[in-house]
Amino acid sequence: MQEDFSNNLVKTYKYWDVYVHQNQGYLGRCVIWCKRENSLDLTDATPPEQKELYIILNKLKKASTKVFKPDWFNYSFLGNETRHLHGHFIPRYSEPKTFMGVVFEDKLYGHNYKTDYNFKTSREVLIGIRDGLKSAL
């Protein structure tokens, strides 16, 4: 894993781990990481991994809706920077959202998401996002 998400673990499952992404330019963004080491992309997922992945995505969507109330969701399994089976769960917002005193604005709502590498999230806010999702899952 290129980035160290270990402090941001939301929940572990049999085949996957769910982490809050360190860049919260999209409030509630998570990484879903396949535990199997020799998996590269989505087509490598075994049927049991596929089944569990859809269960996780459904649960994440419900938890995120409960905690942050996004308007839409994006799911991204690109593997361009990190060659390992993982996906990004990206809640999208039509209006700015405030969480723990921080305003999160989805400036590209209605268009493809882009990671704003200049966006920084404090450790305190990351923990709040992580714990909010944990409690809703």
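Along the sequence shown, residues carry numbers from 1.
Sorted by first then second residue, the side-chain hydrogen bond (donor to acceptor under 3.5 Å, both in side chains) pairs that include residues 102-112, not counting sequence neighbours, are Arg92-Asp106. Residue pairs meeting the ring pair (Phe, Tyr, Trp, His ring centres under 6.0 Å) criterion with at least one member in residues 116-137, sequence neighbours excluded: Phe104-Phe119. Judged as a salt bridge (Lys or Arg N to Asp or Glu O under 4.0 Å), the pairs with a partner in residues 27-42 (not counting sequence neighbours) are, in order, Asp17-Lys35, Arg36-Glu49.
Applying the ring-ring contact (aromatic ring centres under 6.0 Å, His included) rule to Phe68 yields the partners Phe99; only residues at least two apart in sequence or on another chain are considered. When the ring-ring contact (aromatic ring centres under 6.0 Å, His included) test is applied to Phe77, no partner is found at least two apart in sequence or on another chain. Partners of Tyr54 under the side-chain contact (heavy atoms from CB on, under 4.5 Å) rule, at least two apart in sequence or in another chain, do not exist in this structure. Residues meeting the side-chain contact (heavy atoms from CB on, under 4.5 Å) test with Pro47, sequence neighbours left out: none. Partners of Lys69 according to the side-chain contact (heavy atoms from CB on, under 4.5 Å) rule, which considers only residues two or more places apart in sequence or in another chain, are Lys97. Not counting sequence neighbours, the partners of Glu124 by the side-chain contact (heavy atoms from CB on, under 4.5 Å) test are Met100, Ser122.
A donor-acceptor pair is defined here as one N or O able to donate and one able to accept, closer than 3.5 Å; no such pair exists between the side chain of His84 and the backbone of Thr82. In terms of modelled atom types and a separation under 3.5 Å, the side chain of Gln24 and the main chain of Thr121 share no donor-acceptor contact.
Counting heavy atoms from C-beta on, the side chains of Leu42 and Leu85 come closer than 4.5 Å.
Cluster note: Leu78 groups with Tyr26, Ile90, Leu108, Tyr113 through ILVMFWY side-chain heavy atoms spaced under 4.5 Å, whether in direct contact or through intervening members.
The cluster map of Ile, Leu, Val, Met, Phe, Trp and Tyr, joined by side-chain heavy atoms under 4.5 Å apart, puts Val20 and Tyr13 in the same cluster.
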- Criterion side chain to side chain contact (heavy atoms under 4.5 Å, CB included) on Arg123 and Asn8, from CA distance to verdict: CA-CA 10 Å; Arg123 185 78 202 129; Asn8 302 335; 2.7 Å; yes
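Counting all heavy atoms, side chain and backbone alike, Gly28 lies closest to Phe89 at O-CD2, 3.9 Å.
The aromatic rings of Tyr75 and Phe73 sit parallel to each other, their planes meeting at less than 30°, with 60° as the upper class boundary.
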Could you go through residues 129-137 and list every donor-acceptor pair under 3.5 Å that involves a side-chain atom there, pairing it with any protein atom two or more places apart or in another chain?
unit_1: Arg130; atom_1: NH1; unit_2: Asn7; atom_2: O; d: 2.9
unit_1: Ser135; atom_1: OG; unit_2: Asp131; atom_2: O; d: 3.4
unit_1: Ser135; atom_1: OG; unit_2: Gly132; atom_2: O; d: 2.9

Donor-acceptor pairs are to be reported for all side-chain atoms of residues 56-67 against protein atoms at under 3.5 Å, with residues two or more places apart or in another chain.
unit_1: Thr65; atom_1: OG1; unit_2: Lys61; atom_2: O; d: 2.7

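There is a side-chain donor-acceptor pair under 3.5 Å between Asp71 and Ser94.
Tested against Trp33 for a side-chain contact (heavy atoms from CB on, under 4.5 Å), the candidates Tyr15, Tyr19, Trp16 yield a single pass: Tyr19.
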